[in-house]
Number of protein chains: 2
Amino acid sequence: MTTAPQVSVPCPIGRAAGLLGERWTLLILRNANLGTTRFDAFRAELGIADNILSNRLARLVEAGVLVRVPYHDGGRARQEYRLTTAGAEVLPVLHALAVWGEEHTKPAEPTGSMQVIHQRCGQVTTPGKVCDGCGELVRREEEAWVRPWLSPDPIILASPATAGT
Amino acid sequence: MTTAPQVSVPCPIGRAAGLLGERWTLLILRNANLGTTRFDAFRAELGIADNILSNRLARLVEAGVLVRVPYHDGGRARQEYRLTTAGAEVLPVLHALAVWGEEHTKPAEPTGSMQVIHQRCGQVTTPGKVCDGCGELVRREEEAWVRPWLSPDPIILASPATAGT
DNA sequence: CGACTGGCTTGCATTTAGCAAGTCTAGCCG
DNA sequence: CGGCTAGACTTGCTAAATGCAAGCCAGTCG
């Protein structure tokens with residue numbers, strides 16, 4: 001495992017990087033925060049190999065970042081990977097990466113850039129901060145992302161699986 | 001290269017993760033932000049293999065996150081790797097990781113946890129936020145980290161290499 | 001009953017990472 | 001002046017991790 005040896009070092013940054021810094025993990029969590037839950041959907045969206053996706057999902061479940069929830073799809077048992085609270089709380093990391101990436105890296109070909117929208121007031125705002133439009137704290141349930149290279153429609157962030165579910 | 005294929009995808013998170021999410025990179029940047037500049041020092045602090053360190057430093061220089069500055073040490077030419085502005089700006093990512101790691105991961109053996117101190121008022125504060133003690137914005141030059149498993153002394157964050165240097 | 005789909009596991013081939021040892025430059029020591 | 005040492009790397013080789021392709025199994029559709 002790539003960065004896993006670091007998972008129990010004394011530095012919290014080292015531990016977080018040891019788990020989240022493995023290849024694909026941050027991308028999986030990004031998509032999970034945007035509502036992806038199924039194995040196939042992750043595979044299709046990320047272009048990740050099956051065995052690695054399987055491995056990563058297992059590790060994230062083990063780490064308590066995702067939960068595996070069986071559900072029924074027309075009578076058939078299927079699995080869903082839902083965010084836990086810990087998974088939902090990687091959001092600040094994603095925000096920080098989004099800001100840094102927007103500022104310091106360039107896409108291969110110019111595309112409209114990602115935007116975070118405060119659904120309550122409808123304004124575009126800086127990721128991870130108080131709303132630029134209305135000055136209020138942007139709550140997770142009120143936050144949506146626009147990723148114009150995929151679709152012009154905003155995507156509201158997924159809510160974590162509640163303890164009872 | 002581990003995550004490098006992602007460096008020019010349209011999503012800024014993907015691009016940032018493609019560069020910063022490579023193994024060791026976040027740890028190198030963490031230490032660089034704490035003042036490490038020399039090859040040997042990174043090697044000793046991280047326990048990273050020479051060839052990989054060499055490779056990562058080269059990639060970070062290429063990405064504009066670090067600059068290689070030759071300097072004189074008693075008449076001998078040495079290299080120093082200094083943060084650029086882009087390198088200094090990964091700080092929010094480190095803050096987010098520190099908070100998440102502190103909250104959702106456990107060290108192998110209990111140690112005093114990492115603390116961020118606002119030097120101006122001397123208070124411990126939450127990483128990446130307005131000072132919990134005095135309510136003012138914590139500027140980078142006023143921020144110090146205490147990492148008690150290494151030393152009880154606070155370490156003031158390194159300032160990036162100025163354009164002229 | 002055969003095909004199909006979602007969610008995986010298995011088997012290699014290819015990349016990376018990790019370790020050890022070697023190189024090169026340049027002071028410093030006696 | 002010859003040998004020694006230190007910093008900053010390369011080079012070679014082994015051990016993991018990644019990627020691709022194929023296979024499997026349960027259930028549902030036609």
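Numbers restart at 1 for each chain; the letters A, B, ... are given by sequence-line order, proteins then strands. Only heavy atoms go into these numbers, but all of them, side chains included; no hydrogens, no water, no symmetry mates.
Contact between the side-chain N/O atoms of R38(B) and the OP1/OP2 oxygens of dA8(D) is found at a separation under 4.0 Å. Contact annotation: S54(B) does not reach the phosphate of dC9(D) (side-chain N/O to OP1 or OP2, under 4.0 Å). OP1 or OP2 of dA17(C) sits under 4.0 Å from a side-chain N or O of R56(B). An OP1 or OP2 oxygen of dC9(D) is reached within less than 4.0 angstrom by a side-chain nitrogen or oxygen of Y81(B). One finds no side-chain N or O of R23(A) lying less than 4.0 angstrom from the OP1 or OP2 phosphate oxygen of dT15(C).
At whole-Å resolution of the value, CZ in F39(A) and P in dT9(C) are 8 Å apart. Between the CD1 atom of I28(A) and the C1' atom of dG7(C) there is a distance of 15 Å, rounded to whole Å. Here the P atom of nucleotide dG18(C) and the CG atom of N55(B) are 11 Å apart, to the nearest Å. One atom, CG of D40(B), and another, P of dA6(D), lie 10 Å apart when rounded to the nearest Å. Atom pair L57(A):CG and dG6(C):P shows a separation of 16 Å (rounding to whole Å applied). Between Q79(A) atom CD and dT9(C) atom P the separation is 10 Å, expressed in whole Å. We find that CH2 of W24(A) is positioned 10 Å from P of dT18(D), with the value rounded to whole Å. Counting to the nearest Å, the P atom of dC9(D) and the CD1 atom of I52(B) are 15 Å from each other.
Salt bridge absent: R23(A) and E22(B) never bring a charged side-chain N and a carboxylate O closer than 4.0 Å.
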When you compare the protein's N or O atoms with those of nucleotides 19-23 of chain C, which come within less than 3.5 Å of each other, and at what distance?
from	atom 1	to	atom 2	distance (Å)
dC19(C)	N4	N51(B)	OD1	3.3
dC19(C)	N4	N51(B)	ND2	2.4

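Cluster partners of V124(B) are I117(B), V146(B), counting Ile, Leu, Val, Met, Phe, Trp and Tyr whose side-chain heavy atoms approach within less than 4.5 Å, directly or via other members.
Scanning for salt bridge (charged side-chain N to carboxylate O under 4.0 Å, His left out) contacts around R43(B) gives D40(B), D50(B), with sequence neighbours left out.
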Extract all donor-acceptor atom pairs below 3.5 Å that involve side chains of residues 152-159 of chain B and protein atoms in other chains or at least two apart in sequence.
from	atom 1	to	atom 2	distance (Å)
D153(B)	OD2	S151(B)	OG	3.4

Solution key, residues 98-105 of chain A side-chain donor-acceptor pairs under 3.5 Å, sequence neighbours excluded:
from	atom 1	to	atom 2	distance (Å)
W100(A)	NE1	A86(B)	O	2.9
H104(A)	NE2	E89(B)	OE1	2.4
T105(A)	OG1	G101(A)	O	2.5
T105(A)	OG1	R15(B)	NE	2.7

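Counting non-hydrogen atoms under 4.0 angstrom, F42(B) reaches nothing in the nucleic acid.
Using a 4.5 Å heavy-atom cutoff, the side chains of V93(B) and L29(B) are not in contact.
Within the structure, the ring pair (Phe, Tyr, Trp, His ring centres under 6.0 Å) test picks out no pair touching residues 116-150 of chain B (sequence neighbours left out).
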